[in-house]
Chemist: 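A single structure is presented below for examination.
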Amino acid sequence: MNDGDLEVFLSLVERHRRHMHNLALRITGNTEDAKDVVQESLLDAFLHLDQFEGRADLRTWLHRIVVNCALDHLRGLRRRPDVNDPVPISDALHPPAWSPDPERLLVSADCRRQVEAAMRTMSPLERVTFTLRHFEGCSIHEIAQTVGIGGNTAKQHIFRAVRKLRRALETHRSGQ
Amino acid sequence: VSHLTDDDLVLHYYGEDGPRLLAAERHLQSCPQCARAFDALARTLNAVQPPAPVEPEDDTVALRRLLREHSNGRPALVTGGHMRPRDAALIALVWAAAVCYPFSFEALFTTARLAAEHTAALPLVALTLAWACGGPAAAVLALHALPADRFARFSTRVVLCGAVLAAISPAVFPLVSRMSGALLRSPALWPWFGILALVSLTALVRWPARTVPAARVLFAHRLSAVVLAAFVLAHVVNQAIAFVSLPAYAAMRAVMRGASQHPATYALIVGAVAIQIATGTAVGLRKVRAGSFGANVQAVTGWYLAAFLLTHVFTGAIMSLFPSPAPPVAAADPFNLLATARSAAQVPYLVLGVAAFLVHVGVYARLAATAYLAEAAVRRLSYASVVVATTLVVTVGLALCGVRLSAQTPPPGAMPYTAVRSPQFVAASEAGFLRDDDIVLGVVSARVARAYPAADLAQHGAVSDTLPDGPVSVTWCGVCNTGLVFRASVNGRTLHFEYDRMVGGNEVQKDAETGSSWQQATGEALDGPLKGSRLSLYPTVRTTWGAWRQRYPQSQVLKPLPGYAERMPTVSARIKSVTRAGPDGAPRGALALDTRLPPRETVAGLEIDRDAVAYPFTALRVARVVNDRVAGRPILIVHQPSSDTTTAFEARVKGRALTFRTTNADASALVDAETRSTWNAYGLSLDGPLKGTQLETVTLVPQFWFAWSQFRPGTRVFTATQTPVP
């Protein structure tokens, strides 16, 4: 592949980089990991560009690559305890617009910490399937196809993720 | 009224309850309990908000550099800039496992022999077995830490190549070893290293992009797995039963063999294996992922199973392509694979086969169960499965290593083809295991006469014995029907022989002292430190037990070992049958075919100073006495048809050549034309002017024609009509 092809590829993916970055951020929970995932995804896409035959649109193809790279990345993180406690997701969160008063903000920040803690207890697959379902609005069928697992397996991972979240948040509420 | 479960509520929250959407909504409106539960769930999930979208940093320059580097395809090792210490460690781990594999089962065999003498050495056996089985474990570890670069970097590809080789070494090396013996007539070490080097070359080129297997491929893989798993599981259980009861094992094996050898069943198994390997190869690389322990275990066990099934099911077919038959009873002892160095390689091969099957199926079953069962139930089932699988693997391993719950005699039908080093003898009167017409090799040294039953020799290949005039090796090759006795001493060093391989349809035996390999038919060392040396033939007579006992009533007889004695009637019947009328055609591996005689016609070969003559038994049965000249020397051949005993002598006394003829139908009495002295068939003059004279014995080599002719091209063939009987 020559430099011309490289520039074409970069300009093609440029308009999708924001989407890719935010998707990676939602799955991994911190910006540094999201940057790594996007870089790995773009390298993967670049190396396997010949596989993109136009049967799906480019955004869907890149979406799928980001999800799988993020999944690999989360699995890698599990092996590295030194980076297992990344920059909190709340650093990237803005307080909800409907809760302007400081007391509610405090409660909301506390709740987010509980959510973050709960999400850290999820397995990579639970985290990915839940993120895709809850944040990205993908159907279970789409999730199964994207990640390469069965529909029932995807469902079970989402159920487990929700159970972990409920356990964390209900403990939080009962402690208030 | 059936309430909605927590999982139903989650599906309803996300609108994923499909056709039950309306029913669930109606239920929530009518059931306050479920409505409260749903509200609680919705409150929780509503509180989980995504991070707000952010603008990514502009790192186009770094990205461009990264992509350009990869588009140029610069391998990491060449540039030297990307080889991380961790990659180097992974490469060293997996390649060391593959390179060192051939040494592991040698160590296993050595420690097993040590443990047989000193029980304290048992932990060493476990240690060496762990070493031999360690390749797949090393592969899983390496894949777990594999850089996530989609094999774009050279070092990653080297790691993956090494991981594949480390994983499949125990399955592939035995086949390479056999093929090496057949094709190159050499040990498998260098061919093995050659294969490793070739595979490592594939890391130099950029690999094609991984493709996601179609659902059809996965479906075919799983369907064929179900078919195959039934057979394999029955096979594994059968092997485990050998630990408890050998008769039960033998009975179940007989039933299974009957079922699996039916053409339809066999086709089903072979088809399932072929589909498994083809579809598994497509799935295998996709499974590899850094950090995904389960997926990597699944991939590594899949690779091993593919190699294992390939060798286990297709070895017979593969080896039939190469011209080297195994000896008829050369199978390893399935009840103690640690009996020989050769069969020790089967222990890691089989134990890993069982383990890989159970783990591969178990990991998939766990993944499938997570889709339908609660986490706690899956965990409990997993623990139970691990216990059952470990028990099965350990049980099969112990059974293969000859360890059993109680002392049991293996059933006749499968004994190890190993040489006897400490032979025991019984008096002729105690040799109830022999029939009069059984073939024996007889030797006489000083006043000691010993008979070695062919049916016992054929089950061992070689017996190391010590006669009053030195050590001998009594050998038998079942493929070419050759029984020979050699002086087992070269340059003053006593050698002990063990079956090594087949060359030209004839056994090649390796001596334990120098590692040299010796062709049985010629006694010549083919390779090793003693290459080119020749063993001296020891005078021997091939005759029947009845004839030998009549001549030497005080003879000692080699006592068959337990397990071998039970098989003697069957083996003896086969030897007598093929000696009388050999089967058609030369065996695979015959080096050259001389068509003057049928390939498996038994001949008595005689070679003096490179003048070789073959005396076919069919012609000898007619002629009975042959007066011939070989290498210019007068030679007398006597054949007693009643026992198919052939003896040969130099027909010369005090420089005078004699000519003989028989005076009875069985050629047991002869008279020479020159002095009218009478003789027996063993060259002793019984009456007349030469009474008491013993003719000098010439050693004959009875064997199939194909074997004699291929090692002595240009040999003369005796025909009954040429007998110069006066």
Side-chain angles (χ1 to χ4, degrees), chain A residues 1-3 5-6 9-10 14 17-18 20-22 25-26 29 31 34-35 38-40 42-44 46-48 50-51 69 72-79 89 92-94 96 111-112 115 124 131 133-135 139-140 148 150 152-153 155-160 162-163 165-166 169-170, chain B residues 6-7 9-11 13-16 40-41 43-45 47-60 62-64 66-68 70-73 144-145 147-152 206 208-213 286 289-293 295 367-375 378:
Chain A
M1 192 173 278
N2 56 38
D3 280 3
D5 293 335
L6 180 64
F9 173 78
L10 284 173
E14 183 54 38
R17 278 181 70 185
R18 186 167 186 271
M20 292 169 78
H21 183 80
N22 283 302
L25 176 64
R26 287 170 181 184
T31 46
K35 265 172 66 179
V38 171
Q39 199 172 66
E40 285 170 22
L42 286 172
L43 176 60
D44 201 17
F46 179 66
L47 293 175
H48 302 135
D50 53 341
Q51 270 184 266
C69 278
D72 285 351
H73 194 83
L74 287 177
R75 283 168 169 154
L77 286 180
R78 290 179 93 198
R79 292 178 291 121
I89 197 170
L93 282 175
H94 297 298
C111 173
R112 279 196 299 273
V115 170
T131 303
R133 177 57 264 188
H134 192 74
F135 295 155
S139 71
I140 287 174
N152 275 323
T153 309
K155 249 186 228 177
Q156 291 296 335
H157 283 299
I158 292 169
F159 293 157
R160 278 191 210 121
V162 171
R163 272 199 286 276
L165 275 171
R166 292 189 74 179
L169 292 181
E170 279 159 16
Chain B
D6 283 352
D7 293 347
L9 293 176
V10 172
L11 289 179
Y13 176 83
Y14 289 125
E16 292 271 6
L41 171 72
R43 267 200 312 278
T44 303
L45 290 177
V48 181
Q49 295 294 320
V54 293
E55 283 301 324
E57 287 175 25
D58 184 11
D59 55 353
T60 312
L63 182 65
R64 184 177 285 114
L66 176 76
L67 297 187
R68 185 170 292 134
H70 281 279
S71 72
N72 290 340
H144 197 55
D149 62 3
R150 307 290 189 273
F151 316 130
R206 192 176 286 279
R210 288 183 300 167
T211 54
V212 178
R286 178 178 165 264
R289 269 186 185 160
S292 178
F293 186 74
L367 286 174
T370 55
Y372 300 99
L373 300 175
E375 203 172 355
V378 172

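Below, all heavy atoms of this structure are taken into account, side chains as well, without hydrogens, waters or symmetry copies. Quick note on labels: first sequence line is chain A, next is B, and so on, each numbered from 1.
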Chemist: Measure across A/C69 and A/D44 and return the closest heavy-atom pair with its distance rounded to 0.1 Å.
Modeler: SG-OD2, 4.3 Å
Chemist: Is any side-chain heavy atom of B/V10 closer than 4.5 Å to one of B/D6?
Modeler: no
Chemist: So which heavy atom on B/L63 is nearest to which on A/L10, and how close?
Modeler: CD2-CD2, 3.6 Å
Chemist: So which of A/H157, A/Q156, A/E14 has the biggest tally of heavy-atom pairs under 4.5 Å with chain B?
Modeler: A/Q156
Chemist: Between A/K155 and B/E16, is there a side-chain N and carboxylate O pair less than 4.0 Å apart?
Modeler: no
Chemist: Return the option, out of A/V162, A/I140, A/T153, A/V115, with the maximum number of heavy-atom pairs under 4.5 Å with chain B.
Modeler: A/I140
Chemist: Check each atom of A/R160 against the heavy atoms of chain B and say whether the ones under 4.5 Å are side chain, backbone, both or neither.
Modeler: side chain
Chemist: For the candidates A/R17, A/H21, A/H134, A/Q39, which exhibits the highest count of non-hydrogen atom pairs separated by less than 4.5 Å from chain B?
Modeler: A/H134
Chemist: Quick check on A/N22 against chain B: is it the side chain, the backbone, both or neither that has a heavy atom closer than 4.5 Å?
Modeler: side chain
Chemist: Could you tell me which non-hydrogen atom of B/Y13 sits nearest to which non-hydrogen atom of B/L41, and how far apart they are?
Modeler: CB-CD2, 4.2 Å
